[in-house]
Amino acid sequence: MNKHEDIIRKIQERLSTLSKSERKVAEAILADPKTTIHSSIAKLAARAEVSEPTVNRFCRSLIGSGFPDFKVSLAQSLATGTPYVNLNVEPDDAPGAVTSKIFEAAKNNLTRAQEILPESLISRAVDVLAQARRIEFYGLGASGPVAKDAHHKFFRLNMPVVAYTDILVQRMAAAGTHPGDAVVIISYTGRTLPLIETARVAREAGATVIGITNPDSPLTEHCSIVLPIEETEDTDIYTPMSSRIVYLTLIDALATGVLLKRGPEFNAHLRKLKLSVQDTRLPKVEKNKSTNLQ
């Protein structure tokens, strides 16, 4: 059995052979596997009333590696037809069912992210971004378009902003940052080696590094501020879909927070930007509200 096979069934089969403390971990997972996927190791340990090393020991006994990999295995188990949770699209789903599942997954992920994002960290990130001499957004793969969207939101705020989605350019740009600069690294897994290394380089150069990423990931070790977005999709198998909506929404919240920091006098600048593109659009056509009886 490889580590992505039905981990739920594997836990159930081993229940009688587990130690007392490891059995408590197993029962906590089986009681609510979906919550486990969204939990940190500390939260699962508290829920099972055991120590964090006990949780790691339990995970290694099942799949040979620690809690982050165990969560990926559990997510894959839930996504392949176990009776606990299955919001994923099935091959025989009709278009209406596909739409419903995708919308529901997006709503669930937004709600979950809002619950775990500390307001104090968001406030700190907004303060750093509002005071930054320059802001740089980095993303690779599916996170690249999120970085580009962040640039689209923040360049309106009349501050130097760029977005880089090339590994080598990111590395050079990070080395060229200075104290007072803010580097925002967007990574769903937090395990992408070039981004981890880029975060290290930027922080050593003196920049404030804000990570929007999985809170249990290696990337967080090189971030000044971590805005935690827990993994809900196994990106080793699937392209991020509903999780991407969470990242885009958080970017909107940060941009709006920085805008409010600028104060009402900044509205004149935004109005000027809006007016600059007004003549690129056709005028709105008013719908005729009267009923045509002819």
**Student:** State, to 0.1 Å, how close A26 and I11 come at their nearest heavy-atom pair, and which atoms those are.
**Tutor:** CB-CG2, 3.6 Å

**Student:** Is the backbone of L157 close enough, under 3.5 Å, to the side chain of R262 for a donor and an acceptor to pair up by distance?
**Tutor:** yes

**Student:** Would you say the side-chain atoms of T256 pair up with the backbone N or O of A253, donor to acceptor, closer than 3.5 Å?
**Tutor:** no

**Student:** Kindly indicate, with the supporting measurements, whether the criterion side chain to side chain contact (heavy atoms under 4.5 Å, CB included) is fulfilled by Q278 and L275.
**Tutor:** CA-CA 5 Å; Q278 196 171 59; L275 290 175; 3.8 Å; yes

**Student:** Flag yes if more than 12 heavy atoms outside E27 fall under 6.0 Å of its CD atom; otherwise flag no.
**Tutor:** yes

**Student:** Give a yes or no on whether E265 atom CD has more than 12 heavy-atom contacts from other residues, nucleotides or ligands under 6.0 Å away.
**Tutor:** yes

**Student:** Fit a plane to each ring of F155 and H152, take the angle between them on a 0 to 90° scale, and name the class: parallel (under 30°), tilted (30 to 60°) or perpendicular (over 60°).
**Tutor:** tilted

**Student:** Nearest 0.5 Å, please: how far is CZ in F70 from CD1 in I7?
**Tutor:** 5.5 Å

**Student:** Same hydrophobic cluster for L30 and I37, using side-chain heavy-atom links shorter than 4.5 Å among ILVMFWY?
**Tutor:** yes

**Student:** Check whether any side-chain N or O of R244 sits under 3.5 Å from a backbone N or O of P145 as a donor-acceptor pair, and report yes or no.
**Tutor:** no

**Student:** Any side-chain to backbone donor/acceptor pair from R203 onto C223? Under 3.5 Å, distance only.
**Tutor:** yes

**Student:** Just verifying a value: how many Å separate I122 CD1 and I225 CD1, rounded to the nearest 0.5 Å?
**Tutor:** 11.5 Å

**Student:** Please tell me if the side chains of V25 and T54 come closer than 4.5 Å, counting only heavy atoms from C-beta onward.
**Tutor:** yes

**Student:** Would you say V50 and E22 make side-chain contact, with heavy atoms under 4.5 Å?
**Tutor:** no

**Student:** State whether the side chain of H222 and the backbone N or O of A202 hold a donor-acceptor pair below 3.5 Å, judged by distance alone.
**Tutor:** no

**Student:** Are R200 and E197 side-chain neighbours, meaning at least one heavy-atom pair lies under 4.5 Å?
**Tutor:** yes

**Student:** Using modelled atom types only, decide if a donor and an acceptor are shared between the side chain of T111 and the backbone of K107 within a distance under 3.5 Å.
**Tutor:** yes

**Student:** Hey, what do you get for NZ (K71) to OG1 (T36), rounding to the nearest 0.5 Å?
**Tutor:** 9.5 Å

**Student:** For a 4.5 angstrom cut-off between non-hydrogen side-chain atoms, does L117 reach P228?
**Tutor:** yes

**Student:** Does atom CD (E204) have a neighbourhood of more than 12 heavy atoms from anything else shown, all under 6.0 Å?
**Tutor:** yes

**Student:** Quick one: does I210's side chain get under 4.5 Å of L129's, heavy atoms only?
**Tutor:** yes

**Student:** Would a single hydrophobic cluster contain both M159 and V183, if residues Ile, Leu, Val, Met, Phe, Trp and Tyr are joined by side-chain heavy-atom contacts under 4.5 Å?
**Tutor:** no

**Student:** Check A113 against V246 and note the closest heavy-atom contact, atom names and distance.
**Tutor:** CB-CG1, 3.4 Å

**Student:** According to a 4.5 Å side-chain heavy-atom criterion applied to Ile, Leu, Val, Met, Phe, Trp and Tyr, with indirect links allowed, do V126 and V128 form part of one hydrophobic cluster?
**Tutor:** yes

**Student:** Starting at CG of L254, measure out to CG of L250 and round the result to the nearest 0.5 Å.
**Tutor:** 4.5 Å

**Student:** Please table the atom pairs, donor to acceptor, closer than 3.5 Å between any side-chain atom in residues 174-182 and protein atoms at least two apart or in another chain.
**Tutor:**
from, atom 1, to, atom 2, distance (Å)
T177, OG1, A174, O, 2.7
H178, ND1, R133, NH2, 3.4
H178, ND1, G176, O, 3.2
D181, OD1, R133, NE, 2.9
D181, OD1, R133, NH2, 3.0
D181, OD2, R133, NH2, 3.0
D181, OD2, H178, N, 2.8

**Student:** Taking all non-hydrogen atoms of both residues into account, name the closest pair between A173 and E136 and its distance.
**Tutor:** CB-OE1, 3.6 Å

**Student:** When you measure from the side chain of S217 to the backbone N and O of R191, does any donor-acceptor pair fall under 3.5 Å?
**Tutor:** no

**Student:** Tell me whether I135 shares a hydrophobic cluster with L259, the cluster being built from Ile, Leu, Val, Met, Phe, Trp, Tyr side chains joined at under 4.5 Å.
**Tutor:** yes

**Student:** Taking atom OG of S39 and atom CG of D216, what is their separation to the nearest 0.5 Å?
**Tutor:** 9.5 Å

**Student:** How close do A163 and H151 get, counting heavy atoms only, and between which atoms?
**Tutor:** CB-CB, 3.6 Å

**Student:** Heavy atoms only: give me the nearest A42-E52 pair and the separation to one decimal.
**Tutor:** CB-OE2, 3.4 Å

**Student:** Do I41 and N56 come within less than 4.5 Å of each other through their side chains, counting heavy atoms only?
**Tutor:** yes

**Student:** Rounded to the nearest 0.5 Å, what's the gap from CG on L219 to CG on N214? Could you check?
**Tutor:** 9.5 Å

**Student:** Give the C-alpha distance, both sets of side-chain angles, the deciding distance and a yes or no for side chain to side chain contact (heavy atoms under 4.5 Å, CB included) between N158 and F266.
**Tutor:** CA-CA 9 Å; N158 204 24; F266 193 67; 3.8 Å; yes

**Student:** Please report the C-alpha distance between I185 and T213 in whole Å, then the side-chain angles of each, then the deciding distance to 0.1 Å, and finally whether the side chain to side chain contact (heavy atoms under 4.5 Å, CB included) criterion is met.
**Tutor:** CA-CA 8 Å; I185 297 186; T213 189; over 6 Å; no

**Student:** Keeping the roles fixed (side chain from T198, backbone from L195), state whether a donor-acceptor pair exists under 3.5 Å.
**Tutor:** no

**Student:** Under 4.5 Å between side-chain heavy atoms, counting indirect links through other Ile/Leu/Val/Met/Phe/Trp/Tyr residues: same cluster for L227 and F154 or not?
**Tutor:** yes

**Student:** Set out, in order, the CA-CA distance, both residues' side-chain angles and the distance that settles side chain to side chain contact (heavy atoms under 4.5 Å, CB included) for F58 and L18, then state yes or no.
**Tutor:** CA-CA 9 Å; F58 170 80; L18 297 172; 3.9 Å; yes

**Student:** Kindly say whether A28 contributes a backbone atom to a donor-acceptor pair with the side chain of R47 at under 3.5 angstrom?
**Tutor:** yes

**Student:** Count the heavy atoms of every other residue, nucleotide or ligand shown that sit under 6.0 Å from NZ of K43, and state whether that count exceeds 12.
**Tutor:** yes

**Student:** What are the two closest heavy atoms between S40 and F67, and how far apart are they?
**Tutor:** C-CE2, 3.6 Å

